[in-house]
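All chains are named by letter (A, B, ...) in the order of the sequence lines, taking the proteins before the strands, and each is independently numbered beginning at 1.
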Protein chains: 2
Amino acid sequence: MHVSKNSKSPPPSFFSTLREKGLRPTKQRNCVFRVINEKQDHPTADDIFVRVRRRLPTISFATVYNCLETLVGCGLVKQVNIDREPARYCSNLNPHAHFKCIKTGKIFDLPLDDLVLSKIASILPRGFNADHFDLSFSGTLTDLN
Amino acid sequence: MHVSKNSKSPPPSFFSTLREKGLRPTKQRNCVFRVINEKQDHPTADDIFVRVRRRLPTISFATVYNCLETLVGCGLVKQVNIDREPARYCSNLNPHAHFKCIKTGKIFDLPLDDLVLSKIASILPRGFNADHFDLSFSGTLTDLN
DNA sequence: CTAGGTGCAAAAGGTTTGCGGTTAA
DNA sequence: TTAACCGCAAACCTTTTGCACCTAG
C-alpha cells in the first residue's frame, strides 16, 4: 500500500480532472460535485438528488447516480460504505477513517496520520498488495460538556 | 468433552449461546452454522442457501436470512461487508481484517494482534466510544513462487 | 399448550440499465 | 458533426416482511 507524507493536496480542479480523462464537465456533474463539497455531512445519493434538484429541477435519479459514479471514478469524491447502508459521498480526499454514531446516525471523519497509516499497512503479509483500504467504527459519543 | 478435528457436531457454544438467549437451536440454524464453519471461504447468503439446501431441501431463502441474522446477533458468526457487495459470513471470531483480491474475488482473513488493535483504537478522539470496527483492504496478490 | 420458528410469496429499497432524445466540444 | 451524456422508466438483486402453518420445550 502506498503511504506518503500527510500533505494536504490542493482541491482537485473539477474541470481539469474531467478533461484529462476526456469526460465532459456538464452542469449536472458540476452541481453534484458542488453539493458534496458545500456541506461535509456525508449525504446519500438520495440526499444529493434532493439538493441538486433544487437547482436543476429536471435532473433524474439515474443521472445523479451516473454523475456520482463518474466523480468517484475520477477521484473527485469518495464513496463511503458502512455496513449495509446506502452509500454516502464524501469530499474529504485525505486519508481518514469514519465513525458512525449509532444514536444519531451522524458520520465523522477521523484523520489518519502517517504513523497510523504505516501501522495499518504493516498488517499486510508479504505478497498482499493493497490498492485501497476502508476503516470504519461505530459506537456512541460521550457528551464531554 | 470429546473434541476432534473431524467432528460433525458443531462446537457446544452453538447450543449454549442460543439457549442463554432463550432462542431455539433448530436444525435450520444448526445447519447454517455448520456450513459456515465447515469451509472458511466467506460464503454469501446465496452460497449458504445452496449448501444448506443439499441437506435440508425444503429450507427457504427467508429462513437462511433469518438464521444468519440470529447467528450474527448472538455473536456465533460475523457478517463481512466489503464495499457494496452482498454480505458474506465468517466463522473467525478473533479480531481480524479482510483482504479482497480484486482479480479472484477471494477474501482472506488478516489477524490483528493487540499492538495493532491498540493503534487502531488510538485513532479515536476523546469522547468517541467504538463498539465495533471494520477494516478491509482490496488489491492484488503477488505470486511469490 | 404456546411462544417462537419456518416456508412461501410478495414487497422493499438501493442501484443499474436500455433507449430515444439532447448537448458539449 | 458526433460521441458523450441526460432523462425516463423499467429492471435488477439482495434483503426484508406478512402471514399461515409448524415445532421445540
Side-chain angles (χ1 to χ4, degrees), chain A residues 14-33 35-36 42-74 76-89 105, chain B residues 10 14-33 35-36 42-74 76-77 79-89 105:
Chain A
F14 172 77
F15 292 98
S16 56
T17 303
L18 286 171
R19 289 243 179 72
E20 275 163 26
K21 314 228 173 190
L23 300 170
R24 296 182 189 161
T26 64
K27 61 175 186 285
Q28 291 87 348
R29 287 172 178 167
N30 194 342
C31 193
V32 168
F33 183 65
V35 158
I36 294 168
H42 304 86
T44 62
D46 193 80
D47 297 331
I48 293 165
F49 175 67
V50 169
R51 295 179 200 174
V52 168
R53 214 158 216 267
R54 295 203 275 259
R55 297 184 201 170
L56 301 175
T58 67
I59 199 172
S60 68
F61 226 124
T63 296
V64 169
Y65 273 106
N66 286 336
C67 291
L68 289 169
E69 187 183 359
T70 302
L71 295 174
V72 171
C74 289
L76 285 166
V77 304
K78 277 190 187 170
Q79 190 182 56
V80 180
N81 297 305
I82 299 185
D83 301 331
R84 319 240 81 254
E85 294 179 7
R88 294 171 176 277
Y89 297 86
Chain B
F14 173 75
F15 294 100
S16 55
T17 303
L18 286 171
R19 290 245 175 71
E20 276 162 26
K21 314 228 174 190
L23 300 169
R24 295 182 190 162
T26 64
K27 61 175 189 283
Q28 290 87 348
R29 287 174 178 166
N30 194 337
C31 193
V32 168
F33 183 66
V35 158
I36 295 168
H42 303 87
T44 63
D46 194 78
D47 296 332
I48 293 165
F49 175 67
V50 169
R51 296 180 199 174
V52 168
R53 214 156 216 269
R54 294 203 276 259
R55 298 184 200 171
L56 300 176
T58 68
I59 198 171
S60 68
F61 226 124
T63 296
V64 170
Y65 272 106
N66 287 336
C67 291
L68 288 169
E69 188 183 359
T70 302
L71 295 174
V72 171
C74 291
L76 286 166
V77 304
Q79 189 182 54
V80 181
N81 298 305
I82 298 184
D83 301 331
R84 320 237 82 259
E85 294 179 8
R88 294 169 177 278
Y89 297 86

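No more than 12 heavy atoms of other residues, nucleotides or ligands shown are found within 6.0 angstrom of CD on E69(B).
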For side chain to side chain donor-acceptor pair (under 3.5 Å), just list the numbers for T63(B) and N66(B), CA-CA rounded to whole Å, side-chain angles, deciding distance to a tenth of an Å, and then say yes or no.
-> CA-CA 5 Å; T63(B) 296; N66(B) 287 336; 4.9 Å; no

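Note on the helix from dC1(C)-dG25(D) to dA25(C)-dT1(D): angle between the axes of the first and last five pairs equals 40°, rounded to 10 degrees.
If you take CG of L68(A) and C1' of dG7(D), they are 16 Å apart, rounded to a whole angstrom.
R55(A) places none of its side-chain heavy atoms less than 4.5 Å from the side chain of K27(A). By the 4.5 Å heavy-atom criterion applied to side chains, L23(A) and C74(A) are counted as neighbours.
H42(A) and V80(A) get closest at one heavy-atom pair: CD2-CG2, 4.3 Å. Here the closest heavy-atom approach between residue F61(A) and residue F49(A) is recorded as N-CE1, 3.5 Å.
Put simply, CZ on R88(B) and CG on D46(B) are 11.0 Å apart, with the number rounded to the nearest 0.5 Å.
R84(B) places a side-chain N or O within donor-acceptor distance of the main-chain N or O of E85(A), the cut-off being under 3.5 Å.
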What string of B, S and - do you get for nucleotides 5-18 of chain C, 5' to 3', if B is base contact, S is sugar-phosphate-only contact and - is no contact with any protein heavy atom under 4.0 Å?
-> SSBBB----SBBB-

